[in-house]
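The analysis underlying the following values was restricted to heavy atoms, covering all of them including side chains, and did not include hydrogens, waters or symmetry mates.
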Amino acid sequence: MSLNENQPSSNFIRQIVNNDLKQHKNNGRVITRFPPEPNGFLHIGHAKSICLNFGIAEEYNGSCNLRFDDTNPEKESIEFMEAIERDVSWLGFEWAKLASASDYFEQLYDYAIELINKGLAYVDSSSPEQIRHYRGTLTEPGRASPDRNRPIAENLDLFRRMRKGEFADGQYVLRAKIDMASPNINMRDPTLYRIRRVHHHRTGDAWCLYPMYDYTHCVSDALEGITHSLCTLEFEDHRPLYDWVLDNIDIDCHPQQIEFARLQLEYSIVSKRKLNQLVTEKHVTDWDDPRMPTLAGLRRAGYTSAAIRDFCERIGITKKDSWIEMAVLENCIREDLNHNAPRAMAVLRPLRVVIENYPNERVEYLELGNHPQRPELGSRKVEFAKVVLIEQDDFAQLPPPKFKRLIEGGEVRLRGAYVIRCDKVIQAEDGSIIELRCSYDPDTLGKNPEGRKVKGVIHWVSEQHSVPAVLRLYDRLFSHPNPDTLDNFLDALNPHSLEVLSDCRVESSLATAKPGSRFQFERTGYFCLDEEDTQPDKPVFNRTVTLRDSWEK
RNA sequence: UGGGCCGUCGCCAAGCGGUAAGGCACGGGGUUUUGAUCUCCGCAUACCCAGGUUCGAAUCCUGGCGGCCCAGCCA
């Protein structure tokens, strides 16, 4: 079984592309682009867009560009660019071309001159407040700025001087001359350029004039020969502007903008601003904290790129606002890891078990399969000795109904080893359990005891041979399903999103595991060996996701 | 209240005039040395509502209702 082998389901964008192809539009080419702004790390919502853009291109033998939308230098950086490239690659996609909107600044400027020459753009000296005031409201039309009818020659002169740096930041802007009475506010003479003396991470100080998104995006698309410009729903109202710009400059390409609904994941947020806040205010360790819905965070938690791609395929593409349940994402990673992750044993909260009838110095090297359904994944040796450690939860003095683990006087199977019976509970004065005295049935290795049934199976490690480890149990970052809808999303932060267990013991085979590798610790969950914090003698495992639990206490 | 968009099972989602796919979740059987996995079964006479067209409507028309987005020199 492998992920993503099923036919992709139909969606409205595939239908549009199919129709275009049928009509030989764009000479049968399909060229898309993924255009992130390098002002933060990519998150699961971006994954949806990446899978869509690169996926459509792949599917139709086309290509997809990675283009940084770097028109607002205030918030952007090289570090974010590098992280974005890393994440897109990790997801498994290859861009045909790596570009930045800033590559096109010179051409963008020339097209702006063209618009001015055509009387379709003008330099406005209004302040932001005045512009807002003149723009009107949702129900009232706007009014013309006093500068709206500035002569072309003057506009040209002013715009050139804006570029030269003759004016202060904010003193002038270049605006498109469209329709101040348009019911679509985006068409009420939108700003095309603003003056900002900010160092740009790619163009340095070459420019003090920066183009706005609406103007930049459509032109960049056209310059790259994009056929289908896929973006999220909030840009629907901007499409008339996208088309207006391309219709009014001398360019021979006019991509089709198509909008789809952005991802909304329950118990999560997909706002770069808020993710940034979580990082800067230290609510998480960094952008790659395993609780973060960033691709870097998911990766560090142990998510595979295949699982994320599978998730993006499952949720579909529509124009409907929708909230995806976390269970869908979790199901994707469980399915992948259940099939691919080797099994191992780890005891999170150890309880000492002395097997009194087991020879003192004896050690058995039990051969355990790495996967119950896939023998081809091989096996490893696990040491069994007189003192083993089991999970505190797996023993109960006052067992709840249907408890099928160890109780005093009862029997349980040590996974892959023997059946043991608990003969005696050693307690401290305060009643806490110090250790269990047990006996084993030598005739139960690899076979069931005769005449009785032992229902429970628990995991264990040899006290002497196991290695100490730190296990980090991650839980959802938010305890409210829609943090974004709250007045303050921080109120939804789950105070128990991380539990660090420092006294865990894992089987010895894990001592040589490669950082980044993933395991299923039997009966407890899927874990990934952390690449950052693991020390040679102290492995640190991050819990990716728990096992499904139909018992629950 | 101007404009744009959306409304099919608890959550997603196919469907495109011929009589409601699939996934997740949920409930119940079976297998199991992981209360995991696997497996079998169940889960919308019904598609926001109301009219209409049609032999036939989730699909077409009309009118409602509900939700989301837009008034950055952000993207």
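- Nucleic acid contact class of I131(A) (heavy atoms, under 4.0 Å, all strands): base.
- A distance cut-off of 5.5 Å between ring centres, combined with a plane angle under 30°, leaves Y213(A) outside any stacking arrangement with the base of A75(B).
- Counting only distance, with no hydrogens or angles, the side chain of S127(A) and the backbone of Q130(A) share a donor-acceptor pair below 3.5 Å.
- Here the side chain of F403(A) is nearest to one of G3(B), A75(B), G35(B), namely G35(B).
- If you check distances only, the side chain of R239(A) never reaches the base of G4(B) with a donor-acceptor pair under 3.5 Å.
- Nucleic acid contact class of K402(A) (heavy atoms, under 4.0 Å, all strands): base.
- Between the side chain of N65(A) and the backbone N or O of R33(A), no donor-acceptor pair lies under 3.5 Å.
- As judged by a 4.0 angstrom heavy-atom cut-off over every strand, G142(A) is placed among residues making no nucleic acid contact.
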Kindly determine whether H200(A) and F105(A) satisfy ring-ring contact (aromatic ring centres under 6.0 Å, His included), including the steps that lead there. CA-CA 12 Å; H200(A) 187 284; F105(A) 278 178; 5.8 Å; yes
Tell me, for nucleotides 12-20 of chain B in 5' to 3' order, what letter each nucleotide earns: B for a base near a protein heavy atom under 4.0 Å, S for only sugar-phosphate near one, - for neither? SSSSB----
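- Taking the side chain of H238(A) as heavy atoms from C-beta on, and the options A75(B), C70(B), G35(B), the nearest nucleotide is A75(B).
- At the phosphate of C74(B), neither OP1 nor OP2 sits under 4.0 Å from any side-chain N or O atom of T71(A).
- Closest approach to the I185(A) side chain among C70(B), G35(B), C73(B) is made by C70(B) (side chain taken as heavy atoms from C-beta onward).
- Salt bridge E411(A)/R452(A): present, at least one basic N to carboxylate O contact under 4.0 Å.
- Along RNA chain B, the nucleotide nearest to I195(A) and the one nearest to N186(A) differ in position, and the one closer to the 5' end is contacted by N186(A).
- If you check every strand for non-hydrogen atoms under 4.0 Å, E330(A) touches nothing.
- Residue contacts shown for S127(A) include a base, since a base heavy atom lies under 4.0 Å away.
- Between the side chain of R161(A) and the backbone N or O of E166(A), no donor-acceptor pair lies under 3.5 Å.
- Taking only side-chain atoms of E522(A), from C-beta outward, the nucleotide of C73(B), A75(B), U34(B) with the closest atom is U34(B).
- Separation of the C1' atoms belonging to C16(B) and U31(B) is 44 Å when rounded to the nearest angstrom.
- Among the heavy atoms of the strands lying under 4.0 Å from Q373(A) is at least one base atom, whether or not backbone atoms are also near.
- Mapped onto RNA chain B by nearest heavy atom, E234(A) and S126(A) fall at different nucleotides, with E234(A) at the one closer to the 5' end.
- At a threshold of 4.0 angstrom between heavy atoms, the contacts of M212(A) are confined to the sugar-phosphate backbone, with no base atom among them.
- Residue contacts shown for R415(A) include a base, since a base heavy atom lies under 4.0 Å away.
- Nucleic acid contact for R132(A): sugar-phosphate only, since backbone atoms but no base atoms lie under 4.0 Å from a heavy atom of the residue.
- Note on ring orientation: taking the six-membered ring where Trp is involved, the planes of Y109(A) and F159(A) are parallel (angle under 30°, cut-offs 30° and 60°).
- Among the protein residues, K447(A) comes within range of the nucleic acid bases, having at least one heavy atom under 4.0 Å from a base atom.
- R374(A) has no side-chain polar atom (N or O) that falls below the 4.0 Å cut-off from OP1 or OP2 of C38(B).
- For Q520(A), taking side-chain heavy atoms from C-beta onward, the closest of the listed nucleotides A71(B), U34(B), C74(B) is U34(B).
- Rounded to the nearest Å, the gap between the P atom of G51(B) and that of A46(B) is 15 Å.
- As judged by a 4.0 angstrom heavy-atom cut-off over every strand, D69(A) is placed among residues touching the sugar-phosphate backbone only.
- Note on ring orientation: taking the six-membered ring where Trp is involved, the planes of F235(A) and Y213(A) are tilted (angle from 30° to 60°).
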Given ring-ring contact (aromatic ring centres under 6.0 Å, His included), test Y215(A) with Y193(A) step by step and report yes or no. CA-CA 8 Å; Y215(A) 174 65; Y193(A) 272 93; 5.6 Å; yes
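- Between D169(A) and the choices R197(A), R194(A), R196(A), the salt bridge (charged side-chain N to carboxylate O under 4.0 Å, His left out) rule is met once, by R197(A).
- Considering only side-chain atoms of E325(A), the nucleotide from C73(B), G35(B), A25(B) that sits closest is A25(B).
- Looking at heavy-atom distances under 4.0 Å, R188(A) makes no contact with the nucleic acid at all.
- For C74(B), the OP1/OP2 oxygens have a side-chain nitrogen or oxygen of R194(A) closer than 4.0 Å.
- Counting only heavy atoms from C-beta on, A327(A) has its side chain closest to C24(B) among G2(B), C73(B), C24(B).
- Phosphate proximity of C73(B) to R175(A): absent, as no side-chain N or O sits under 4.0 Å from OP1 or OP2.
- Contacts of T191(A) with the nucleic acid, taken as non-hydrogen atoms under 4.0 Å apart, involve only primed sugar atoms and P, OP1 or OP2.
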